[in-house]
Amino acid sequence: MRILGIESSCDETAASVVENGRVILSNVIASQAEEHKQYGGVVPELASRRHCENILWVVQKALSDANMTLQEVDAIAVTYAPGLIGALLVGVSFAKGLAMMTGKPLIPVHHTEGHAAANYLVHPELKPPYLGIIVSGGHTRIAEVQDYTCFRTVGRTRDDAAGECFDKCARAMGFPYPGGVHVDEAAQRGNAAAFRMPKTKMDGNPYDFSFSGLKTYVVNFLHNAEQRGETVNTDDMAAALQQEIARTVTDKTIAAAKELGYRTVALSGGVSANSGVRNALSAACAENGITFCMPPVALCGDNAAMIAAQGYYNYLAGITADMSLNAVASKELRSETAQNPA
Ligand code: KG4
Ligand code: ZN
(Lines give C-alpha, C1' and ligand atoms only; values in the text may rest on other atoms or scores of the structure.)
(Ligands and ions follow the chains in the order given, each with its own letter.)
Protein backbone atom coordinates (compact mmCIF):
# COMPACT_ATOMS: atom_id res chain seq x y z
CA MET A 1 0.00 0.00 0.00
CA ARG A 2 1.46 3.37 -1.06
CA ILE A 3 0.47 6.42 0.97
CA LEU A 4 0.99 10.07 0.11
CA GLY A 5 1.84 11.96 3.32
CA ILE A 6 1.43 15.72 3.75
CA GLU A 7 2.91 17.80 6.58
CA SER A 8 2.52 21.56 7.18
CA SER A 9 2.28 21.98 10.97
CA CYS A 10 5.09 24.54 11.37
CA ASP A 11 7.58 25.96 8.87
CA GLU A 12 8.21 22.97 6.60
CA THR A 13 5.91 22.18 3.69
CA ALA A 14 6.50 18.48 3.08
CA ALA A 15 5.12 15.61 1.02
CA SER A 16 6.26 12.02 0.66
CA VAL A 17 5.21 8.65 -0.70
CA VAL A 18 5.86 5.66 1.59
CA GLU A 19 5.19 2.01 0.88
CA ASN A 20 3.61 -0.14 3.60
CA GLY A 21 4.68 2.30 6.30
CA ARG A 22 8.33 1.33 5.95
CA VAL A 23 9.90 2.19 2.58
CA ILE A 24 10.41 5.79 1.43
CA LEU A 25 9.68 6.24 -2.29
CA SER A 26 10.06 10.02 -2.16
CA ASN A 27 10.54 12.68 0.49
CA VAL A 28 10.27 16.38 -0.37
CA ILE A 29 10.74 19.13 2.22
CA ALA A 30 10.46 22.86 1.48
CA SER A 31 11.84 24.60 4.55
CA GLN A 32 11.01 28.23 5.31
CA ALA A 33 13.64 28.52 8.05
CA GLU A 34 15.79 31.00 6.08
CA GLU A 35 12.86 33.42 5.84
CA HIS A 36 11.77 33.14 9.48
CA LYS A 37 15.39 33.56 10.61
CA GLN A 38 15.22 37.34 10.14
CA TYR A 39 12.41 37.50 12.74
CA GLY A 40 14.16 35.21 15.24
CA GLY A 41 11.38 32.58 15.11
CA VAL A 42 8.43 31.33 13.09
CA VAL A 43 5.93 34.04 12.08
CA PRO A 44 2.64 32.08 11.90
CA GLU A 45 0.92 34.07 9.19
CA LEU A 46 3.99 34.05 6.99
CA ALA A 47 4.23 30.29 7.46
CA SER A 48 0.61 29.82 6.31
CA ARG A 49 1.17 31.96 3.23
CA ARG A 50 4.31 30.06 2.24
CA HIS A 51 2.53 26.71 2.71
CA CYS A 52 -0.17 27.96 0.33
CA GLU A 53 2.43 28.85 -2.27
CA ASN A 54 4.51 25.68 -1.89
CA ILE A 55 2.10 22.86 -1.30
CA LEU A 56 1.16 22.13 -4.90
CA TRP A 57 4.69 21.81 -6.26
CA VAL A 58 5.87 19.94 -3.17
CA VAL A 59 3.12 17.31 -3.62
CA GLN A 60 3.72 17.14 -7.37
CA LYS A 61 7.45 16.62 -6.80
CA ALA A 62 6.81 13.90 -4.21
CA LEU A 63 4.65 12.05 -6.76
CA SER A 64 7.09 12.48 -9.64
CA ASP A 65 10.11 11.51 -7.49
CA ALA A 66 8.20 8.33 -6.60
CA ASN A 67 7.42 7.82 -10.29
CA MET A 68 3.73 7.82 -9.59
CA THR A 69 0.54 9.60 -10.49
CA LEU A 70 -1.98 10.72 -7.89
CA GLN A 71 -4.33 7.96 -9.10
CA GLU A 72 -1.71 5.32 -8.22
CA VAL A 73 -1.58 6.40 -4.59
CA ASP A 74 -3.75 4.27 -2.26
CA ALA A 75 -4.52 6.87 0.41
CA ILE A 76 -3.68 10.38 1.60
CA ALA A 77 -2.37 10.97 5.12
CA VAL A 78 -2.11 14.42 6.62
CA THR A 79 -0.97 16.05 9.87
CA TYR A 80 -4.11 17.50 11.48
CA ALA A 81 -2.63 18.33 14.96
CA PRO A 82 -0.86 19.80 16.85
CA GLY A 83 0.80 22.88 15.39
CA LEU A 84 0.19 26.39 14.13
CA ILE A 85 -3.47 26.38 13.24
CA GLY A 86 -3.19 28.43 10.05
CA ALA A 87 -0.28 26.28 8.89
CA LEU A 88 -2.08 23.00 9.64
CA LEU A 89 -5.17 24.19 7.79
CA VAL A 90 -3.26 24.46 4.52
CA GLY A 91 -2.17 20.81 4.58
CA VAL A 92 -5.54 19.57 5.87
CA SER A 93 -7.52 21.50 3.25
CA PHE A 94 -5.21 20.41 0.45
CA ALA A 95 -5.37 16.75 1.53
CA LYS A 96 -9.16 16.94 1.76
CA GLY A 97 -9.29 18.33 -1.77
CA LEU A 98 -7.12 15.49 -3.08
CA ALA A 99 -9.18 12.87 -1.25
CA MET A 100 -12.44 14.33 -2.52
CA MET A 101 -11.20 14.52 -6.08
CA THR A 102 -9.77 11.00 -6.19
CA GLY A 103 -12.12 9.20 -3.81
CA LYS A 104 -9.06 7.86 -1.91
CA PRO A 105 -9.19 7.41 1.88
CA LEU A 106 -8.14 10.41 4.00
CA ILE A 107 -6.05 9.52 7.05
CA PRO A 108 -5.55 11.96 9.96
CA VAL A 109 -2.13 11.77 11.64
CA HIS A 110 -1.08 13.37 14.92
CA HIS A 111 2.29 15.09 14.44
CA THR A 112 3.83 13.64 17.61
CA GLU A 113 2.78 10.10 16.71
CA GLY A 114 4.22 10.80 13.25
CA HIS A 115 7.62 11.68 14.75
CA ALA A 116 7.71 8.33 16.53
CA ALA A 117 6.96 6.58 13.21
CA ALA A 118 10.15 8.02 11.63
CA ASN A 119 11.92 5.08 13.25
CA TYR A 120 9.85 2.55 11.22
CA LEU A 121 11.43 3.95 8.06
CA VAL A 122 14.93 2.92 9.09
CA HIS A 123 14.47 0.15 11.67
CA PRO A 124 12.53 -2.69 10.00
CA GLU A 125 12.81 -4.72 13.18
CA LEU A 126 11.11 -2.07 15.36
CA LYS A 127 7.60 -3.08 16.37
CA PRO A 128 5.44 -2.05 19.35
CA PRO A 129 5.40 -2.41 22.25
CA TYR A 130 8.32 -0.11 23.01
CA LEU A 131 8.99 3.07 24.96
CA GLY A 132 9.03 6.22 22.82
CA ILE A 133 10.85 9.42 23.78
CA ILE A 134 9.77 12.23 21.48
CA VAL A 135 11.77 15.43 21.88
CA SER A 136 10.90 18.34 19.67
CA GLY A 137 10.49 22.10 19.35
CA GLY A 138 6.89 21.96 20.51
CA HIS A 139 6.72 18.82 22.64
CA THR A 140 8.76 16.59 24.92
CA ARG A 141 7.09 13.34 25.86
CA ILE A 142 7.83 9.83 27.09
CA ALA A 143 5.09 7.53 25.80
CA GLU A 144 4.42 3.83 25.85
CA VAL A 145 3.81 2.82 22.25
CA GLN A 146 1.60 -0.10 23.19
CA ASP A 147 0.54 -0.66 19.62
CA TYR A 148 1.12 1.28 16.38
CA THR A 149 -1.92 3.45 17.09
CA CYS A 150 -2.15 3.21 20.85
CA PHE A 151 0.11 5.60 22.77
CA ARG A 152 0.03 6.14 26.54
CA THR A 153 1.82 9.20 27.90
CA VAL A 154 4.18 8.42 30.77
CA GLY A 155 5.54 11.94 31.18
CA ARG A 156 5.54 15.21 29.31
CA THR A 157 6.85 18.71 29.68
CA ARG A 158 4.92 20.94 32.04
CA ASP A 159 6.21 24.10 30.38
CA ASP A 160 8.74 24.49 27.56
CA ALA A 161 9.75 21.69 25.24
CA ALA A 162 13.46 20.83 25.08
CA GLY A 163 13.67 22.38 21.59
CA GLU A 164 12.12 25.60 22.86
CA CYS A 165 14.78 25.71 25.59
CA PHE A 166 17.57 25.09 23.04
CA ASP A 167 16.20 27.77 20.69
CA LYS A 168 15.63 30.50 23.31
CA CYS A 169 19.05 29.92 24.89
CA ALA A 170 20.64 29.88 21.42
CA ARG A 171 19.05 33.23 20.66
CA ALA A 172 20.46 34.72 23.88
CA MET A 173 23.86 33.30 22.89
CA GLY A 174 23.58 35.19 19.58
CA PHE A 175 22.82 32.26 17.28
CA PRO A 176 20.20 32.53 14.50
CA TYR A 177 16.87 30.67 14.46
CA PRO A 178 16.53 27.70 14.69
CA GLY A 179 19.29 27.69 17.26
CA GLY A 180 19.38 24.09 18.47
CA VAL A 181 21.82 22.94 15.83
CA HIS A 182 24.16 25.89 16.58
CA VAL A 183 24.18 25.04 20.29
CA ASP A 184 25.07 21.48 19.25
CA GLU A 185 28.01 22.72 17.14
CA ALA A 186 29.23 25.10 19.84
CA ALA A 187 28.93 22.35 22.45
CA GLN A 188 31.46 20.22 20.52
CA ARG A 189 34.07 22.93 21.20
CA GLY A 190 33.06 23.72 24.76
CA ASN A 191 33.78 22.39 28.24
CA ALA A 192 30.52 21.42 30.00
CA ALA A 193 32.22 21.46 33.41
CA ALA A 194 32.86 25.21 33.13
CA PHE A 195 29.25 26.02 34.10
CA ARG A 196 27.00 24.55 36.74
CA MET A 197 23.43 24.34 35.46
CA PRO A 198 20.48 24.41 37.88
CA LYS A 199 18.83 21.04 38.51
CA THR A 200 15.06 21.15 38.18
CA LYS A 201 13.17 19.66 41.13
CA MET A 202 9.54 18.72 40.55
CA ASP A 203 6.79 17.22 42.65
CA GLY A 204 4.41 14.65 41.27
CA ASN A 205 5.08 12.54 38.21
CA PRO A 206 8.85 11.87 38.12
CA TYR A 207 8.69 11.38 34.34
CA ASP A 208 7.37 14.85 33.60
CA PHE A 209 9.82 17.43 32.28
CA SER A 210 10.32 21.13 32.97
CA PHE A 211 12.80 23.13 30.92
CA SER A 212 11.69 26.69 31.63
CA GLY A 213 13.91 27.06 34.74
CA LEU A 214 16.97 26.03 32.76
CA LYS A 215 16.04 28.39 29.92
CA THR A 216 15.48 31.32 32.28
CA TYR A 217 18.77 30.66 34.08
CA VAL A 218 20.79 30.69 30.84
CA VAL A 219 19.00 33.71 29.34
CA ASN A 220 19.33 35.74 32.59
CA PHE A 221 22.96 34.74 33.04
CA LEU A 222 23.82 35.97 29.54
CA HIS A 223 21.82 39.21 29.88
CA ASN A 224 23.35 40.02 33.25
CA ALA A 225 26.85 39.39 31.92
CA GLU A 226 26.12 41.63 28.94
CA GLN A 227 24.92 44.44 31.23
CA ARG A 228 28.11 44.17 33.25
CA GLY A 229 30.14 44.25 30.03
CA GLU A 230 31.49 40.74 30.66
CA THR A 231 31.97 38.19 27.91
CA VAL A 232 30.72 34.66 28.37
CA ASN A 233 32.32 31.65 26.72
CA THR A 234 29.28 30.51 24.75
CA ASP A 235 30.96 27.25 23.70
CA ASP A 236 31.23 26.25 27.36
CA MET A 237 27.70 27.51 28.07
CA ALA A 238 26.33 25.52 25.11
CA ALA A 239 28.16 22.39 26.25
CA ALA A 240 26.79 22.70 29.80
CA LEU A 241 23.23 23.36 28.56
CA GLN A 242 23.32 20.45 26.13
CA GLN A 243 24.73 18.13 28.76
CA GLU A 244 21.97 19.06 31.19
CA ILE A 245 19.18 18.53 28.64
CA ALA A 246 20.72 15.24 27.47
CA ARG A 247 21.11 14.07 31.06
CA THR A 248 17.51 14.90 31.97
CA VAL A 249 16.07 13.18 28.89
CA THR A 250 18.30 10.14 29.39
CA ASP A 251 17.76 9.69 33.14
CA LYS A 252 13.97 9.94 32.91
CA THR A 253 13.71 7.68 29.87
CA ILE A 254 15.91 4.96 31.36
CA ALA A 255 14.07 5.12 34.70
CA ALA A 256 10.70 4.84 32.93
CA ALA A 257 11.91 1.94 30.76
CA LYS A 258 13.12 0.08 33.86
CA GLU A 259 9.99 0.72 35.89
CA LEU A 260 7.64 -0.22 33.07
CA GLY A 261 9.76 -3.16 31.90
CA TYR A 262 10.53 -1.97 28.36
CA ARG A 263 13.53 -3.54 26.62
CA THR A 264 13.35 -1.22 23.59
CA VAL A 265 13.57 2.58 23.56
CA ALA A 266 13.02 4.68 20.42
CA LEU A 267 14.06 8.34 20.28
CA SER A 268 12.50 10.79 17.79
CA GLY A 269 11.59 14.45 17.16
CA GLY A 270 13.64 17.43 15.98
CA VAL A 271 15.86 17.44 19.09
CA SER A 272 16.75 13.77 18.51
CA ALA A 273 19.22 15.25 15.97
CA ASN A 274 21.19 16.60 18.95
CA SER A 275 24.51 14.79 19.31
CA GLY A 276 24.51 15.09 23.12
CA VAL A 277 21.04 13.57 23.43
CA ARG A 278 21.81 10.82 20.88
CA ASN A 279 25.10 9.85 22.52
CA ALA A 280 23.89 9.99 26.13
CA LEU A 281 20.72 7.96 25.52
CA SER A 282 22.36 5.39 23.28
CA ALA A 283 25.17 4.87 25.83
CA ALA A 284 22.73 4.55 28.74
CA CYS A 285 20.57 2.07 26.81
CA ALA A 286 23.66 -0.03 25.99
CA GLU A 287 24.70 0.00 29.68
CA ASN A 288 21.26 -1.19 30.71
CA GLY A 289 20.85 -3.86 28.03
CA ILE A 290 18.08 -1.90 26.30
CA THR A 291 17.76 -1.93 22.49
CA PHE A 292 17.96 1.62 21.21
CA CYS A 293 16.58 3.09 17.96
CA MET A 294 16.80 6.58 16.54
CA PRO A 295 16.22 8.03 13.08
CA PRO A 296 19.08 9.39 10.95
CA VAL A 297 19.40 13.17 11.42
CA ALA A 298 17.58 13.77 8.09
CA LEU A 299 14.40 12.16 9.48
CA CYS A 300 14.52 13.79 12.95
CA GLY A 301 13.00 17.12 11.92
CA ASP A 302 9.59 17.66 10.36
CA ASN A 303 8.99 15.60 7.23
CA ALA A 304 6.06 13.91 5.54
CA ALA A 305 7.59 10.41 5.28
CA MET A 306 6.96 9.94 9.01
CA ILE A 307 3.34 11.11 8.47
CA ALA A 308 2.83 8.60 5.65
CA ALA A 309 4.40 5.86 7.82
CA GLN A 310 2.09 6.52 10.76
CA GLY A 311 -0.76 7.00 8.28
CA TYR A 312 -0.30 3.42 7.08
CA TYR A 313 -0.77 2.02 10.58
CA ASN A 314 -3.69 4.36 11.26
CA TYR A 315 -5.33 3.09 8.07
CA LEU A 316 -4.82 -0.55 9.07
CA ALA A 317 -6.49 0.28 12.41
CA GLY A 318 -9.48 1.85 10.62
CA ILE A 319 -8.54 5.43 11.52
CA THR A 320 -9.74 7.49 8.57
CA ALA A 321 -11.52 10.83 8.31
CA ASP A 322 -14.29 12.32 6.22
CA MET A 323 -14.63 15.81 4.81
CA SER A 324 -15.40 17.19 8.28
CA LEU A 325 -11.71 16.76 9.26
CA ASN A 326 -10.42 19.96 10.84
CA ALA A 327 -7.03 21.11 12.12
CA VAL A 328 -6.48 21.10 15.90
CA ALA A 329 -3.77 23.21 17.57
CA SER A 330 -3.74 21.40 20.95
CA LYS A 331 -0.99 19.07 22.04
CA GLU A 332 -2.73 15.92 23.28
CA LEU A 333 -2.09 12.62 21.52
CA ARG A 334 -4.73 11.31 19.14
CA SER A 335 -5.21 8.10 21.09
CA GLU A 336 -5.60 10.04 24.35
CA THR A 337 -7.95 12.84 23.39
CA ALA A 338 -11.67 13.18 22.85
CA GLN A 339 -10.89 15.68 20.09
CA ASN A 340 -9.52 12.97 17.86
CA PRO A 341 -11.19 12.86 14.50
CA ALA A 342 -11.46 9.10 14.20
O1 KG4 B 1 10.39 18.24 15.29
P2 KG4 B 1 10.79 19.61 14.90
O3 KG4 B 1 11.42 19.78 13.53
O4 KG4 B 1 9.57 20.57 14.98
C5 KG4 B 1 8.58 20.43 15.98
O6 KG4 B 1 7.74 19.52 15.87
O7 KG4 B 1 8.67 21.20 16.97
O8 KG4 B 1 11.80 20.15 16.00
C9 KG4 B 1 12.43 21.38 15.85
C10 KG4 B 1 13.34 21.60 17.04
C11 KG4 B 1 13.85 23.03 17.09
O12 KG4 B 1 13.71 23.51 18.41
C13 KG4 B 1 15.32 22.85 16.72
O14 KG4 B 1 16.18 23.84 17.26
C15 KG4 B 1 15.60 21.51 17.32
O16 KG4 B 1 14.48 20.74 16.97
N17 KG4 B 1 16.85 20.90 16.81
C18 KG4 B 1 17.93 20.69 17.57
C19 KG4 B 1 18.92 20.15 16.73
N20 KG4 B 1 18.40 20.04 15.47
C21 KG4 B 1 17.12 20.50 15.55
N22 KG4 B 1 18.14 20.92 18.88
C23 KG4 B 1 19.35 20.60 19.38
N24 KG4 B 1 20.35 20.08 18.63
C25 KG4 B 1 20.19 19.84 17.32
N26 KG4 B 1 21.19 19.31 16.59
ZN1 ZN C 1 7.90 18.16 14.65
Side-chain angles (χ1 to χ4, degrees), residues 1-36 46-80 83-84 86-111 113-115 117-124 268 270 273 295-316 320-321 323 325 327:
M1 182 172 193
R2 291 181 293 185
I3 295 186
L4 171 67
I6 296 177
E7 154 67 39
S8 70
S9 65
C10 191
D11 61 343
E12 268 92 22
T13 319
S16 163
V17 181
V18 170
E19 190 160 39
N20 297 332
R22 297 280 177 166
V23 179
I24 299 177
L25 302 183
S26 66
N27 189 19
V28 181
I29 305 172
S31 174
Q32 308 167 6
E34 272 306 313
E35 194 170 359
H36 294 286
L46 196 55
S48 310
R49 287 169 186 265
R50 294 297 169 259
H51 287 311
C52 268
E53 289 162 9
N54 291 335
I55 195 150
L56 178 62
W57 73 259
V58 167
V59 167
Q60 282 175 331
K61 183 159 171 33
L63 289 170
S64 69
D65 286 0
N67 247 328
M68 288 176 72
T69 64
L70 184 59
Q71 289 307 330
E72 288 169 323
V73 161
D74 295 299
I76 293 141
V78 64
T79 306
Y80 75 95
L84 301 171
L88 286 166
L89 280 168
V90 177
V92 168
S93 303
F94 197 85
K96 281 166 75 171
L98 294 182
M100 193 171 136
M101 185 173 79
T102 58
K104 313 271 179 193
L106 177 65
I107 309 166
V109 176
H110 189 283
H111 184 79
E113 297 182 1
H115 268 301
N119 277 304
Y120 301 142
L121 299 163
V122 281
H123 297 287
S268 61
V297 169
L299 290 175
C300 290
D302 291 348
N303 65 83
M306 67 188 198
I307 302 304
Q310 183 61 30
Y312 172 73
Y313 292 105
N314 283 4
Y315 181 78
L316 294 186
T320 56
M323 287 299 134
L325 180 67

Item to complete: Please list all pairs passing the side-chain hydrogen bond (donor to acceptor under 3.5 Å, both in side chains) test where one or both residues lie in residues 297-307, with sequence neighbours left out.
Response: His111-Asp302, His115-Asp302

Fill in: Whether Thr320 side chain and Leu106 backbone form a donor-acceptor pair below 3.5 Å
no

Discussion item. I need the Ile29 CD1 to Lys61 NZ distance, nearest 0.5 Å.
Written reply: 11.5 Å

Worksheet item: If you look at every heavy atom in Val17 and Leu63, which pair is closest and at what distance?
Response: CG2-CD2, 4.3 Å

Worksheet item: Closest heavy-atom contact between Gly86 and Ser48?
Response: C-OG, 3.2 Å

Worksheet item: Of Glu35, His36, Glu34, which meets side chain to side chain donor-acceptor pair (under 3.5 Å) against Gln32?
Response: His36

Worksheet item: With a 4.5 Å heavy-atom cut-off, do Ile6 and Ile307 have their side chains touching?
Response: no

Discussion item. Contact between Thr102 and Ile76 at the side-chain level, heavy atoms closer than 4.5 Å - yes or no?
Written reply: yes

Worksheet item: If you round to the nearest 0.5 Å, how far is CD of Gln310 from CG of Leu121?
Response: 10.5 Å

Practice prompt. Please name the pair of heavy atoms, one in Asn314 and one in Pro108, separated by the smallest distance, quoted to 0.1 Å.
Written response: ND2-O, 2.9 Å

Worksheet item: About how many Å separate CE of Met68 and CD of Glu19, when rounded to the nearest 0.5 Å?
Response: 8.0 Å

Worksheet item: Taking all atoms of both residues into account, what is the closest heavy-atom pair of Ala305 and Val18, and its distance?
Response: O-CG2, 3.6 Å

Worksheet item: Asp74 side chain to Ile3 main-chain N or O, any donor-acceptor pair under 3.5 Å?
Response: no

Worksheet, complete the sentence: Between Asp11 and Ala33 the two heavy atoms that sit nearest each other are OD2-CA, 4.0 Å

Discussion item. When you compare the side chain of Leu70 with that of Leu4, does any pair of heavy atoms fall below 4.5 Å?
Written reply: yes

Taking distance alone, no hydrogens or angles, what donor-acceptor pairs closer than 3.5 Å link side-chain atoms of residues 87-98 to residues at least two apart or in another chain?
from	atom 1	to	atom 2	distance (Å)
Ser93	OG	Leu89	O	2.7
Lys96	NZ	Met323	O	2.8
Lys96	NZ	Leu325	O	2.8

Discussion item. I'd like to know if the side chain of Lys104 reaches the main chain of Gln71, judged simply by a donor and an acceptor atom lying under 3.5 Å from each other, with no hydrogens or angles considered.
Written reply: yes

Worksheet item: With distance as the sole test, does Arg22 use its side chain to make a donor-acceptor pair with the main-chain N or O of Val122 at under 3.5 Å?
Response: no

Discussion item. Looking at Tyr313, I'd like to know if its OH atom is crowded, meaning that more than 12 non-hydrogen atoms belonging to other residues, nucleotides or ligands lie closer than 6.0 Å.
Written reply: yes

Discussion item. Return the CG to NE2 distance between Leu46 and His51, rounded to the nearest 0.5 Å.
Written reply: 10.0 Å

Worksheet item: Which pair of non-hydrogen atoms, one from Ser31 and one from Glu12, has the smallest distance, and what is that distance?
Response: OG-OE2, 3.5 Å

Discussion item. So that I know where these two stand, are Tyr312 and Tyr120 an aromatic pair - ring centroids less than 6.0 Å apart?
Written reply: no

Discussion item. What's the separation between atom CD1 in Ile55 and atom CD in Gln60, rounded to the nearest 0.5 Å?
Written reply: 11.5 Å

Item to complete: Count the heavy atoms belonging to other residues, nucleotides or ligands that lie under 6.0 Å from CE of Met100, then report whether that count exceeds 12.
Response: no

Item to complete: Check whether any side-chain N or O of Ser26 sits under 3.5 Å from a backbone N or O of Ala62 as a donor-acceptor pair, and report yes or no.
Response: yes

